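Since the model is a prediction, treat every value here as computed from it, not as a measurement. By convention in this document, chain letters (A, B, ...) are assigned in the order of the sequence lines, proteins followed by strands, and residues within each chain are numbered from 1.
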Protein chains: 2
Amino acid sequence: MRGMGNDMVSKGRVTIREVAERAGVSTATASRALSGNHPVPAATRARVLRAARDLDYVANAHARALVGGGRKMAAVVVRQVTSPFYAQVAEGVEAEAADRGWLCVVGATGGDAQREMEFVQLMREEGARLVILVGGVVEDDAYRERVAHYAHALDSSGARLVLCGRPAPDPGIPALVVEFDNEVGAHAVTGHLLSAGHRRIVFLGGLPGNTALDARVAGYRAALAEHGLPPETAHVVDCGLGRAAGHRAMTELLKQTREFTAVFAGDDMVAAGALRALADAGLSVPGDVSVVGYNDIPLAEDFNPPLTTVRTPAEELGRAAVRIALRDPEHAAGAHHLLGTHIVVRDSVGPPPTGRAL
Amino acid sequence: MRGMGNDMVSKGRVTIREVAERAGVSTATASRALSGNHPVPAATRARVLRAARDLDYVANAHARALVGGGRKMAAVVVRQVTSPFYAQVAEGVEAEAADRGWLCVVGATGGDAQREMEFVQLMREEGARLVILVGGVVEDDAYRERVAHYAHALDSSGARLVLCGRPAPDPGIPALVVEFDNEVGAHAVTGHLLSAGHRRIVFLGGLPGNTALDARVAGYRAALAEHGLPPETAHVVDCGLGRAAGHRAMTELLKQTREFTAVFAGDDMVAAGALRALADAGLSVPGDVSVVGYNDIPLAEDFNPPLTTVRTPAEELGRAAVRIALRDPEHAAGAHHLLGTHIVVRDSVGPPPTGRAL
DNA sequence: AGCGCTCGCGTAAAGGTTTTCAGAGCCGGA
DNA sequence: TCCGGCTCTGAAAACCTTTACGCGAGCGCT
């Protein structure tokens, strides 16, 4: 009926017992032949494999995990999968996991702490051995407590917790941190604007308490200071992230002042919104205003103009997270890894318009 | 030491036995109280729940799945997670799955049939009850055979297979199809160009054998024909998908001819590449050439100019896939569902330049 | 020839949960 | 008073695989 050979059992899954029976061995031998955990004579092995193929045998991962105590599964938790940056990180995790035959499950929280907790709980039930929490977050007491709870809970069942782009947990908390060096990236790109001659640079997209953004702001301020500019030169607009926020904040800013020649957007999506707002206001980039972004999302080179930005190799971040977590079994707990970034120069930065530079 | 209360067991996971013991009931009663599958007096129930909370009990999903025969898990398979369209579909699946307490795992194939097969096999082992294959594909014999194999294999263990944006399988194959009506979408957007006055419209991004693209081409041709234009008016460039392909093909085309006033890109990423190529050639959009895309990816409104395109609600596609698969248990096998699309008008279409319209 | 070692393989236990079956206690009706 | 039926609960089986243990046979060495 199914057209798949006369050996198909019509109901229920075929188990290792049936394979063993058909191969004329015990389930123990069949298991050894199939899993390769224990040597088995070639002839026997071939007979078992043959039987398994004939019956279209599929091992039951649950039974296997039950006795084996755990399973090869990694979980990656992001705010939303559709954000280009998070998608790249998730892809990195998935790729690195797949390379080692691990399964990768993704959870989206939408930024909701409740959903994050539920998902971590679910991962505990599922026996995930690696949970990777991705994305900046504002660091308050509730957050610290939550992470401490995750870390201990996962640790007690032998699983690892990795924080990507999140603040380091309190000392003693068994979690790893892998992130980009936001401060040097921001420093570099601010320096790029400074050496193009800009002196009045506004930072668009601050989010006080969010350690990733705070670090970028710090790098921005440091670069300004190193150029001998007084601290009050710094102008940080705390509008948060995302295209809509960038658009709104830029529009608003233009109403208040035009006393700036460059914009450092905290994120490429913010830059996208800002670029549109500038265009709507009849300003040309980089003729009237120069703009830089952060993260180098895949479409940044198609912005108008192509965006000068800081490349944060997001996929590599994901890969590094699983690699590091799986490498140093015990030693690494509490370790803090920083990944390098580099600036990519495109067409959105030019000299400041004459007469407006300081 | 852990600071989490004096009831923490230091080694190993706490099982339902320990919960039962502490609550003074049997494991059967504990299970009933915890899972809610069977009524239990409020007092007993409270005692069990209390014990579980005190011990930080976490159910073992494997044991549960082992006895329950399967588990609430959906798998979504895409070419790559970083493609905006696929990411949105995956997000839809994840969201709909999460709404029902299901787990969602994603697999990326990179377009490799081998990896697709391995992943489906893995899902069989894991006991996924729903596998969703997303994304157009060129339909050859090997493909049809592969899908037939997946469908039968999954069906025999009671799992469902959903094809999103893929060709319908041969009749009798137990798989559902959910996709957008590419033909009417393409028809509509072509009509939009026609009523703006364009007569020489080139379709950029054909991929013969890919049913999704073929359908768009068909809609494009049909709209042309309905306007009384001779068939040879149609000009399809088979460059495939992606930003790079669009850029290359557009650059190439401009070298050969400028006898067109509008471009219908088979996909927004192709449009992104084409827009850049047009800008590089010094052509203005929509002044010299009008451009439309397909899919309405999130950044389409930030293209230069904002892109008129066809909105294919990708997240809804993902949600619909799981909803439909889970709704009609038996009846739906082989069903073919079409989701509507609509055109979204932005600034990339204008009247053809005077003297060049037919 | 005899001893001991290795190899191959089968038996059985273990892993944690759900569920079936049945027993116990209780209430109400006859 | 007795019995039917209902509610609550516990013992035990079942789900499928892996692995520790042990046994028998074969082989090489003395």
With sequence neighbours left out, write down each residue that passes side-chain contact (heavy atoms from CB on, under 4.5 Å) with [X], or none if nothing qualifies.
X: B/E125; answer: A/V58, A/A61, A/R64, B/Q121, B/L122
X: A/Q88; answer: A/P298, A/A314, B/T82
X: A/D140; answer: A/A142, A/Y143
X: B/S26; answer: B/A28, B/T29

Original post:
Hey, does A/A65 reach any base, or is it just sugar-phosphate, or nothing, if we go heavy atoms under 4.0 Å?
Top reply: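 It contacts nothing in the nucleic acid.
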**OP:** Quick one: which residue pairs count as a ring-ring contact (aromatic ring centres under 6.0 Å, His included) with a foot in residues 101-137 of chain B, not counting sequence neighbours?
**Re:**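 Output for this query is empty, none listed.
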**OP:** Return the 5'-most residue of the pair B/A63, B/S26 with respect to DNA chain D, ranking by each residue's nearest nucleotide.
**Re:**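 That would be B/S26.
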Original post:
Considering residues at least two apart in sequence or located in another chain, which fulfil the side chain to side chain donor-acceptor pair (under 3.5 Å) criterion with A/S35?
Top reply: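 In terms of side chain to side chain donor-acceptor pair (under 3.5 Å), with neighbours along the sequence ignored, A/S35 is linked to A/N37.
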Subject >> All side chain to side chain donor-acceptor pair (under 3.5 Å) counterparts of A/R50, not counting sequence neighbours >> reply: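 For A/R50, the residues satisfying side chain to side chain donor-acceptor pair (under 3.5 Å) (neighbours in sequence not counted) are A/D54.
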Subject >> Helical bend (five base pairs per end, nearest 10°) for the helix from C/dA1-D/dT30 to C/dA30-D/dT1 >> reply: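 Answer for the end axes of this duplex: 50°.
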Calculate the interatomic distance between [X] atom [atom1] and [N] atom [atom2]; express it in whole Å.
X: B/R64; N: C/dT17; atom1: CZ; atom2: P; answer: 8 Å
X: B/K72; N: C/dT17; atom1: NZ; atom2: P; answer: 17 Å
X: B/L55; N: C/dG16; atom1: CG; atom2: C1'; answer: 15 Å

Show me, pair by pair, the donor-acceptor contacts under 3.5 angstrom made by side chains of residues 103-112 of chain B, not counting sequence neighbours?
{"residue": "B/T109", "atom": "OG1", "partner": "B/V78", "partner atom": "O", "Å": "3.4"}
{"residue": "B/T109", "atom": "OG1", "partner": "B/G111", "partner atom": "N", "Å": "3.0"}
{"residue": "B/D112", "atom": "OD1", "partner": "B/Q114", "partner atom": "N", "Å": "3.0"}

Original post:
Under a 4.0 Å heavy-atom cut-off, which of residues 28-46 of chain B touch DNA chain D?
Top reply: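 Listed by number, they are B/A28, B/T29, B/R32, B/P41, B/T44.
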Original post:
The side chain of B/L66 lies closest to which of these nucleotides: C/dT18, C/dG16, C/dG10?
Top reply: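 Comparing C/dT18, C/dG16, C/dG10 against the side chain of B/L66, the answer is C/dG16.
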Subject >> salt bridge (charged side-chain N to carboxylate O under 4.0 Å, His left out) partners of residues 161-170 of chain B, not counting sequence neighbours, each pair once >> reply: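 Matches after skipping sequence neighbours: B/E116-B/R166.
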Original post:
When you list every nucleotide of DNA chain D with an atom under 4.0 Å from a heavy atom of chain A, which one comes first 5' to 3', and which comes last?
Top reply: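 Contact boundaries, 5' end first: D/dC16 to D/dA20.
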Subject >> Under 3.5 Å donor-acceptor, A/R22 side chain and A/R47 backbone >> reply: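 Judged by distance alone, no pair lies under 3.5 Å.
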Subject >> Exam field: side chain B/R129 to backbone B/S157, donor-acceptor pair closer than 3.5 Å >> reply: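 No, the answer is negative, given that no donor and acceptor are paired below the 3.5 Å cut-off.
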